[in-house]
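Following: one structure in structure tokens, then a few remarks.
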Number of protein chains: 2
Amino acid sequence: MVKMDSTLLKGLTLLEAIVAEGHPIGISALARRVDLPKSNVHRSISALREGGYVNFDAESRRYYPSLKLAQMGRRVNAGFPFRMAILPVLRELVAATGESAHFVLLDGDSVVFVANARPDTTVASVIPDSLSLRWEDTALGVALVSALPPEDRARLLARTETPTIRDWLARTERDGIAQLPRHATRRIFELAAPVRSGWDTVIGAIGITGPSMRFDDAKLPDRISAVTSAARIAFTAHEGLSAGPDHG
Amino acid sequence: MVKMDSTLLKGLTLLEAIVAEGHPIGISALARRVDLPKSNVHRSISALREGGYVNFDAESRRYYPSLKLAQMGRRVNAGFPFRMAILPVLRELVAATGESAHFVLLDGDSVVFVANARPDTTVASVIPDSLSLRWEDTALGVALVSALPPEDRARLLARTETPTIRDWLARTERDGIAQLPRHATRRIFELAAPVRSGWDTVIGAIGITGPSMRFDDAKLPDRISAVTSAARIAFTAHEGLSAGPDHG
DNA sequence: TTGTTTTGTTCTACTATTCAGAACGAAAAC
DNA sequence: GTTTTCGTTCTGAATAGTAGAACAAAACAA
């Protein structure tokens with residue numbers, strides 16, 4: 001076993017617990033949640049406070065996360081290696097199709113929108129960076145999962161209740177592209193393909209979205225080829241990058 | 001002096017350094033940056049890795065932040081007490097003016113967009129949550145700074161090079177509202193007022209933005225009164241909340 | 001190639017820090 | 001008024017982090 005700072009790990013777990021709580025929480029409740037002595041939590045939280053990661057509501061004597069994490073999160077996303085590499089590809093996809101382009105990564109049961117590019121023209125629906133969506137709720141997610149190794153795909157499938165998802169997955173695997181002419185709740189269409197690294201492991205998905213009214217059968221072949229070619233060049237053009245995150 | 005986990009604090013500083021770097025970085029460079037022994041950094045970074053906060057690029061043997069922080073950041077922002085309290089006020093402002101409404105907090109030399117609301121209609125420019133902008137680049141920031149205690153304002157002014165900013169600040173202080181008919185780079189107008197707590201300390205700024213073409217002198221008085229009244233009710237309506245973050 | 005420097009990683013004895021439970025007054029709840 | 005829960009401080013004992021040396025593997029220079 002590798003040596004490491006257990007104190008640091010415990011503190012981070014504590015921070016996660018505070019974040020997960022979603023509202024200000026007191027020492028005792030927190031100690032119960034993470035199963036640690038009160039005095040211990042009290043000391044650790046002092047460090048988090050000193051570091052500026054949590055605020056203290058003096059009136060209710062409760063702790064809640066400060067905005068520091070939110071700002072660090074933005075920086076992380078902005079400088080994420082994948083993002084830097086993928087952005088030019090997305091811009092090209094926007095130029096080719098005139099629609100918004102997106103790149104997503106899998107994280108647990110969700111897809112995270114790591115990078116987005118949109119046309120200069122006015123758009124109705126905007127996807128913010130690092131938005132997290134259930135994979136089965138978007139073509140990007142379906143495209144990604146369709147290309148996963150069987151065991152991983154099975155594990156994800158076991159946890160979903162969407163009845164038609166298996167058909168959609170099968171169609172996507174056959175065509176190499178996930179199509180969604182009209183999103184269930186948002187009035188948009190989606191077109192997405194998995195992105196593979198040089199060794200054929202899936203690392204994400206790339207795709208475009210736009211108003212459903214622009215889901216035109218005549219334009220479809222061109223758009224499909226634009227998306228698939230974007231997926232192809234996505235990482236062959238940037239081989240210098242590593243195989244990806246080793247977590248998640 | 002209060003007792004606290006110094007290991008945790010050191011680890012967080014390390015994490016901050018990795019995030020600040022903006023690109024993958026090795027152990028030695030990192031150790032130099034934070035002025036700590038290599039072996040020390042190595043051990044701490046193992047914990048960060050175990051926690052899923054940093055990834056390891058095996059090829060270059062360099063470390064970079066994972067997307068975990070980005071996702072935690074989103075959660076933090078979504079559940080931030082200020083945000084919850086201010087959102088209804090913003091929605092009302094949107095209803096009254098038909099333009100996008102925003103609430104910002106000061107953080108260092110920047111304003112952070114903590115909460116945003118926008119009309120149902122299509123909008124060209126969208127401000128994402130927790131966007132960070134230099135205060136002098138937006139009317140929201142000018143409104144906030146104009147209401148700061150003299151010493152704080154002077155400190156911020158000393159660090160800016162924008163020549164016309166003093167005039168703008170003076171006008172804002174006189175009128176109680178910051179106006180910007182046309183943004184320097186983006187084609188929008190801005191209208192903003194400082195938000196004070198019950199004890200007359202500034203805690204943020206509230207305002208609206210929209211296309212410059214809609215900066216109509218006839219509508220201006222109504223919009224100004226809408227913004228100022230929103231600033232007034234912003235925190236009298238939510239006295240239950242504490243005075244705010246104790247950091248920043 | 002060869003030699004030199006820098007890198008990431010492991011090991012160690014020393015020491016400082018965290019641990020866990022008890023104890024406390026102050027609020028809340030009953 | 002009593003009991004429970006709360007946040008906080010205090011301990012000795014035990015553990016975990018410290019800093020420097022040592023190492024092989026890369027990267028660099030000549």
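As the structure is a computational prediction, the values presented were derived from the model and not from experiment. A note on names: the letters A, B, ... follow the listed sequences, proteins ahead of strands, and every chain is numbered from 1.
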With a 4.0 Å heavy-atom cut-off, tell me which residues in residues 26-39 of chain B come close to DNA chain D, sorted by residue number. B/Pro37, B/Ser39
Qualifying residues under side chain to side chain contact (heavy atoms under 4.5 Å, CB included), relative to A/Ser132, sequence neighbours excluded: A/Ser110, A/Val112, B/Gln71
For a side-chain contact (heavy atoms from CB on, under 4.5 Å) check, start with the C-alpha distance between B/Phe113 and B/Leu133, then their side-chain angles and the critical distance, and finish with the verdict. CA-CA 8 Å; B/Phe113 285 77; B/Leu133 247 47; 3.9 Å; yes
Side-chain atoms of residues 22-36 of chain B: list all donor-acceptor pairs with protein atoms under 3.5 Å, sequence neighbours left out, distances to 0.1 Å.
residue: B/Arg33; atom: NH1; partner: B/Glu21; partner atom: OE1; Å: 2.9
residue: B/Arg33; atom: NH1; partner: B/Glu21; partner atom: OE2; Å: 3.3

Footprint string (nucleotides 25-30 of chain C, 5' to 3'): B base within contact, S backbone only, - free, heavy atoms under 4.0 Å: ------
Passes side-chain contact (heavy atoms from CB on, under 4.5 Å), B/Leu148 versus B/Trp135? Steps please. CA-CA 12 Å; B/Leu148 242 35; B/Trp135 69 268; over 6 Å; no
Indicate yes or no for a side-chain donor-acceptor contact from A/Ser66 to the backbone of A/Gly52 under 3.5 Å, with no hydrogens or angles considered. yes
With B/Leu140, which of B/Asp137, B/Thr138, B/Leu144 fulfils side chain to side chain contact (heavy atoms under 4.5 Å, CB included)? B/Thr138
Could you work out, with salt bridge (Lys or Arg N to Asp or Glu O under 4.0 Å) as the rule, every residue matching A/Lys10, not counting sequence neighbours? none
Spacing of A/Asn40 atom CG relative to D/dA14 atom P, expressed in whole Å: 17 Å
Output the pairing pattern of DNA chain C as a dot-bracket string, 5' first, Watson-Crick or G-U wobble with both distances under 3.5 Å, | for cross-strand pairs, [ ] for crossing pairs. |.|||||||||||||||||||||..||||.
Rounded to whole Å, please give me the gap between CZ in B/Arg43 and C1' in D/dG20. 13 Å
Residues in salt bridge (Lys or Arg N to Asp or Glu O under 4.0 Å) contact with B/Arg62, at least two apart in sequence or another chain: none
Atom-pair distance (CE on B/Met4; C1' on D/dT9), nearest Å: 16 Å
What residues form a side chain to side chain contact (heavy atoms under 4.5 Å, CB included) with A/Arg155, not counting sequence neighbours? A/Asp152, A/Arg159
On DNA chain D, nearest-nucleotide positions of B/Ser44 versus A/Tyr63: which is more 5'? A/Tyr63
Using a cut-off of strictly less than 4.0 Å, decide whether A/His42 has a side-chain nitrogen or oxygen near OP1 or OP2 of D/dG7. no
Go through the structure and list residues passing side chain to side chain contact (heavy atoms under 4.5 Å, CB included) with A/Thr172, not counting sequence neighbours. A/Val142, A/Ser146, A/Trp168, A/Ala178
So B/Leu93 and B/Ile206, side-chain contact (heavy atoms from CB on, under 4.5 Å) or not? Walk me through it. CA-CA 10 Å; B/Leu93 192 50; B/Ile206 199 168; 4.3 Å; yes
Identify, with sequence neighbours excluded, every residue that meets side chain to side chain contact (heavy atoms under 4.5 Å, CB included) alongside B/Ser44. A/Asp5, A/Leu8, B/Leu14, B/Asn40
Nucleic acid contacts - residues 5-19 of chain A versus DNA chain D, non-hydrogen atoms under 4.0 Å: A/Asp5, A/Ser6, A/Thr7
How would you list, by chain and number, every residue that makes a salt bridge (Lys or Arg N to Asp or Glu O under 4.0 Å) with A/Arg75, sequence neighbours excluded? none
